[in-house]
Amino acid sequence: MLQCIFLLSDSGEVMLEKQLTGHQVDRSICVWFWDQIISQGDSLKLVPVIASPTHYLFQVVREGITFLACTQVEMPPLMAIEFLSRVADVLTDYLGSLNEDLIKDNFVIVYELLDEMIDNGFPLTTEPNILREMIAPPNIVSKVLSVVTGNVSNMSNTLPGATSSCVPWRKTDLKHASNEVYVDLVEEMDVIINRDGALVKCEIYGEVQVNSQLSGLPDLTLSFANPSILNDMRFHPCVRLRPWEANQILSFVPPDGEFKLMSYRVKKLKSTPIYVKPQLSSDSGTCRISVLVGIRNDPGKSIDSITVQFRLPPCVLSADLSANHGAVNILADKTCSWSIGRIPKDKAPSMSGTMALETGLQRLNVFPSFQVSFRIMGVAFSGLQIDKLDLKNLPSRPYKGFRALTRAGEFEVRS
Amino acid sequence: MFTQFGATSESLSKASTMMFRIGTDAHLYDDPDDVSIVPLLDSKFDSEKCEALKRLLALIAQGFDVSSYFPQVVKNVASQSLEVKKLVYLYLLHYAEKRPNEALLSINYFQKDLGDLNPLVRAWALRTMAGIRLHVIAPIILVAVGKCARDPSVYVRKCAANALPKLHDLRLEEHSASIEEIVGILLNDNSPGVVGAAAAAFASICPNNLSLIGRHYKRLCETLPDVEEWGQIVLVGILLRYAVAKHGLVEGSIMISSRSLVKYNSEREDLEPCLARKENPDDISSEICSEIADVVSRSYLEGPEKYLSQLSCMDKNPSSMDISHFTSSKSNDDVKILLQCTSPLLWSHNSAVVLAAAGVHWIMAPKEDIKKIVKPLLFLLRSSNASKYVVLCNIQVFAKAMPSLFVPHFEDFFVSSLDSYQVKALKLEILSSIATCSSISAIFLEFQDYIRDQDRRFAADTVAAIGLCSQRLPDVAKTCLEGLLALALSESSNGDFASADEEAVLVQAINSIKTIIKQDPPSHEKVIVYLVRSLDSIWAPAARAMIIWMVGEYNNVGGVIPKILPTLFKYLAGRFTLEAVETKLQILNACTKVLLRAKGEDLSILRKIVGYLFELAKCDFSYDVRDRARILKNLLSHRIGSPYLEEVKDQPEIEDLAHVLTESIFGGQTKPPSCEPLSYRFYLPGSLSQIVLHAAPGYEPLPEPHSLIYDESCNISTDVQGIKTSGVGVAHNEPNENDDSEAVSGSSDEENTSDYSSQESMSGSSESGGSGSASDVNDNAGPLIHLSDADLTHRNRVEVSEENDASGSNGVDELMSKRDLESWLDENPGLNQNSLDLGHVQRSLARISIKDFGGLVKPKSYTLLDPANGNGLSVDYTFSSEVSSISPLLVCLHVSFRNCSKEPMSDILLFEEESNRSPDSSDQSVSESSPVSRSEVPTLVPMEEIANLEPGHTLKRILQVRFQHHLLHLKLVLGCNGRKHLVKLRPDIGYFVKPLPMDIEEFSNKESHLPGMFEYIRRCTFTDHISELNDKYESSLVKDNFLLICEKMALKMLSNANLFLVSVDMPVACQP
């Protein structure tokens, strides 16, 4: 079980420590940890499980904040990692985003949350809806009140009823003036295109995100027109698994507010909406680069905020890049980003330029890979379609909304 | 002062963000101690208290020790404001251990809070109180937890479950029983939320008390999908352990199929290298890499440390399991339900749950069903980066043991440039272990891309992976080699200013080439030549060293290499001084090898070159090179014809010795890579140990299969509590839940007879007589002692014992003299009858049967005839505990006849003395009272005559004798060679003891008559035993001291054949 949780800032400063069991962990462990991070560079920052001389450390890094948990005994490492991610999620939800100042400013809330989320090293209440009822998130009203009246408690005086109900993710007595429910299909495209331009991997990682503002205890049924295209899926605990196994129907009592109903994967897609064709040729110390971007498979809706990013190889001394559309930026860490936005009707965007290699190096021996991002509103590129959404157990007719969005996930073009 | 300054200037710099910070606790964090805190704490306004507490919290967060405020803070525990309470609790928990005395002050308030109407207040009070780690208040907390475990609020019960490990953590032995009891109550809770927390408590308090799980197993499985995610993770692990302990491994699962495969392959193993079996990974037979799977399954069961240590002392211990240990997932309901209930968890959105469920299927599911876990596992890879790494570590083990699972999904392991280095390396390793002939081309295409990746470390790993692939799939070795050669060339072309990372790729490429060539040197001769040619352009010392090593090693392979040798060595000698140490050493080694093989004119050229090289090396800067040169020179003296060692030349035997030495050091061809024993460490899937690759404290391998046994039929057929123990695991029969209190109290009920029978059990044979209890189900590998339930065949038993007694009551009282060994051996028929009647009504028999004991008993040997008296015939006898087949009154003797003389003997026979037959021997009062039936039993069952006994030979006979009295000798006549010797058989009292059923009252009555015999009283208390029994009717897997003592005493008793009265109070508790 976890013994201690530390929150570390970008610079390795310990912002918070929360001891969880009687075996207190000295914060010198953080010094050791940060020394390791500094001496081993970024690679260690990405190792989630570290065995220090005295403790096993689990780390999750979000927006520069390191969530560090310690234990001395055997426990499922994924449990620790999932829990830390959950803490990060909840904090982001409470504070709006995550950064050093926000955590320091709201340290009392962070303490209260941590205390509620984990007891004696074992997770206690992690359901965001219940937490929200027990500990009120900071909002502008409470802030103003606290300025005016001096102090306002954010602790709830009563135990949320949901803790004892059979649907622990939902408040028992919810009332909304307008009953509405929105279902969004958010898909991310993971693509790898190899140096020969062949599509090595092309799949969709999708999520069904629901925003429910419904009164009472509604019972929802969501069905897809073509559920057979789904390869893998994971469900929110509220989903009843039997109906899915039998008829591939999602039947659930939704939590209040936004939540991720399910995530799925559709594999082996045949084409991508856009193409990115990089060409690099190097000779006698210089390298010519040209990148072409265009629409390959028109999804029917406009493709937004296209950017192409790549990291200049370390052997490149300087680069001179220009584009006929959009802006090219080279950042300090040799990351080059070309933001195109929308593809114009009349011309195909292209970027070209030269790069000077290190002296003595004739040809380029390592090649960058290009990360592409884009966004298509209104289209679920996997082709998944929602058939219908039935609501039962509702006092009035609710408003139902459906949206879809496809964006690039790990879209990678190698050169 | 200055710190304050710094703080203000800092906050000024953050002026821009000030707007957003208004209304937050920012100012408290930035300068927590700018006002004095103590007055605030003493304030009567909650808001001021709050502020003070927040300041203290800020100081704690920043790592300051503010325990000095403890007294002031503790006072505020009484506050009615929940916020103040919460903040005080946060503070208290942080410092309670440091300030125990002040912390005690708060206990009263907690106790008051525990009675609060608000469940939140109750829960908080319990949490905080349990978190104050003070031994003094442990009993109070225990009571509180017990109360809260029955609280109407789910939340409070959950907190109670979480409080249990805190209590357990204090290591209060006397409370452990009651803690476990509460765990049992909470496991039985109706709310899935509580069950999850209870499972966590179970895992940290008494993970081995699996019998506690057994009671609720089915229900736990069924609620599993409703338990909250964190509880699921723990519960899944517990259920898996229980299923393994109870039912053993599943037939056809990865844990077993590998074993049978290994057995099957074991003969072939010596002949072929293990690679041969992997030749066709698409083939079904090699669907599983049996060797690794075997290591995996053993590691899971025994822990890798133990397994590896076994490996080192004996290279392959035979599989100790037989087929009866295995269960089937189809026929066994418990296993089936476990697999059924864990399959929906594979869809959980918590990756830890998915992995835990996958682990269960990996271990328990038949291998054709394991496929189910593949997709969910792969889908986990799309979750966060942190969990990706952990999941890949586990997939790596799965893929190694059963590559076929992941073969169709190789594309999922393609590396993305956003992956961290560790993830990339893991993916490469998995790819190289699941590559098949059909997928290898696609994988190689990917590898080509990776080689040009910016991360050169990763590129080098890719090259190594290519080498691994070609090792697994010899078909592609040629393609690999070409690719690697091209790579080596291109790498070397821009090598002049290459960094260390760049070099790594080249070195790795040469290394991979080396491993490929090793498999079949003659066919790759050209490659070696090619590499030698490119020596000019390859500058990395490690790479050069490897090429030169190859030349030395394969110097007589094929036709081309020997020809280029002189030129090559001329070139090397010319550049020798420019080389790195590593390369120099290899050059010296290589030239030695070459010189050994060289013939004809090459020899003379080479000799010169070698001589020159040695001269150069003599003056080298490096010690190593100089030393190496000196050694080699001396060894090679006969080949070089060195002038320095002429005196050696005169001594041909030394020269020969040097020759032999050189030959054996350098001449031997390296053997093809043999299968090194697998020294991977495998831990249970999803465990921390698997990630850090050493056993983390608290890691436990799976329990021994079948260590938890009880027969369920028992519960149905009888209401009597049965106990069954094996040496490792102790399990108590579980009566139906409604009955258990009754059943347990029953055994201590006055009406019950307890029968501590040791009749058959003490016998050396392994049959456990009429009890027919489940102990026989156990195999011979089973433990020494069984505390078995005799009531399986309840009626049967009673009948049998009745019969025994019917015949015995006659026999017994004949056997015993009322005058001598008064009350103990004396049997009152009336009483006996009485107890038997009682037995009919309600009878609880516990039987300690000790099996396989005969081997350990060393019976006393008595001399019947001395060789001095018997003309060289020596006769010894020992008592045996076998029961006579003719009459229970007969005692069996092993008589051994030994001829110590020089002549053969004939006609040896033991028979009764005539006088013995006379029915009226006055000194035997027994006979007077004896019934008629008695005379039907002969004094001596006629022995088979020994016709001839050769000198020095020994013959054994079994004699069945009826002693008239336990103190009287039996006079016999031993006939030998026509002469008669009078001999006396001395009875041994130990073999007259027969089991008698007796109730407790009677027993203590009898016992009170006994004093005056050899009295030796020792008392000891086995608390652990009692507590286990007390708590529930199962005990844990700990070694049972009680049985150990029983075993010792039984052994002593049987060896000495003396009488002891061992009275044992069986600690069977009454449940309220």
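So that the names make sense, note that chain A is the first sequence line, chain B the second, and so on, each numbered from 1.
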_If we count only N and O atoms by modelled type, under 3.5 Å, do the side chains of B:S417 and A:E410 hold a donor and an acceptor together?_
no
*Exercise: identify the closest heavy-atom pair between A:N231 and B:K375*: O-NZ, 3.9 Å
_Quick check: do B:E229 and A:M79 have side-chain heavy atoms less than 4.5 Å from each other?_
no
*Is the closest side-chain heavy-atom distance between B:K166 and A:D119 below 4.5 Å?*
yes
*B:H694 ring center within less than 6.0 Å of A:Y56 ring center*: yes
*Derivation of the side-chain contact (heavy atoms from CB on, under 4.5 Å) call for A:E74 and B:S687*: CA-CA 7 Å; A:E74 168 71 41; B:S687 66; 3.0 Å; yes
_When you measure from the centre of the six-membered ring of A:F367, is the NZ or CZ of B:R452 closer than 6.0 Å and no more than 45° off the axis?_
yes
*Is it true that A:R414 and B:E446 make a salt bridge, defined as a side-chain N closer than 4.0 Å to a carboxylate O?*
yes
*If you tally heavy-atom pairs under 4.5 Å against chain B, which of A:Q19, A:R265, A:K201, A:E17 wins?*
A:R265
*With a 3.5 Å cut-off and no angle check, do the side chains of B:S351 and A:E82 form a donor-acceptor pair?*
yes
*Fit a plane to each ring of B:F379 and A:Y205, take the angle between them on a 0 to 90° scale, and name the class: parallel (under 30°), tilted (30 to 60°) or perpendicular (over 60°).*
tilted
_Pairwise side-chain contact, A:K267 with B:H409, heavy-atom cut-off 4.5 Å (strictly under)_ = yes
*Are side-chain heavy atoms of A:V49 and B:L688 found at a separation under 4.5 Å?*
yes
_Are there over 12 heavy-atom neighbours, none belonging to A:R27, within less than 6.0 Å of that residue's CZ?_
yes
*Side-chain touch B:Y155/A:T125, heavy atoms, less than 4.5 angstrom*: yes
*Relative to each other, are the rings of B:W347 and A:W244 parallel, tilted or perpendicular (30° and 60° limits)?*
perpendicular
*Against chain B, work out which of A:F122, A:F235, A:F107, A:F83 has the most heavy-atom pairs shorter than 4.5 Å and name it.*
A:F107
*Engaged part of B:D412 at the chain A interface, taking heavy atoms whose separation is under 4.5 Å*: side chain
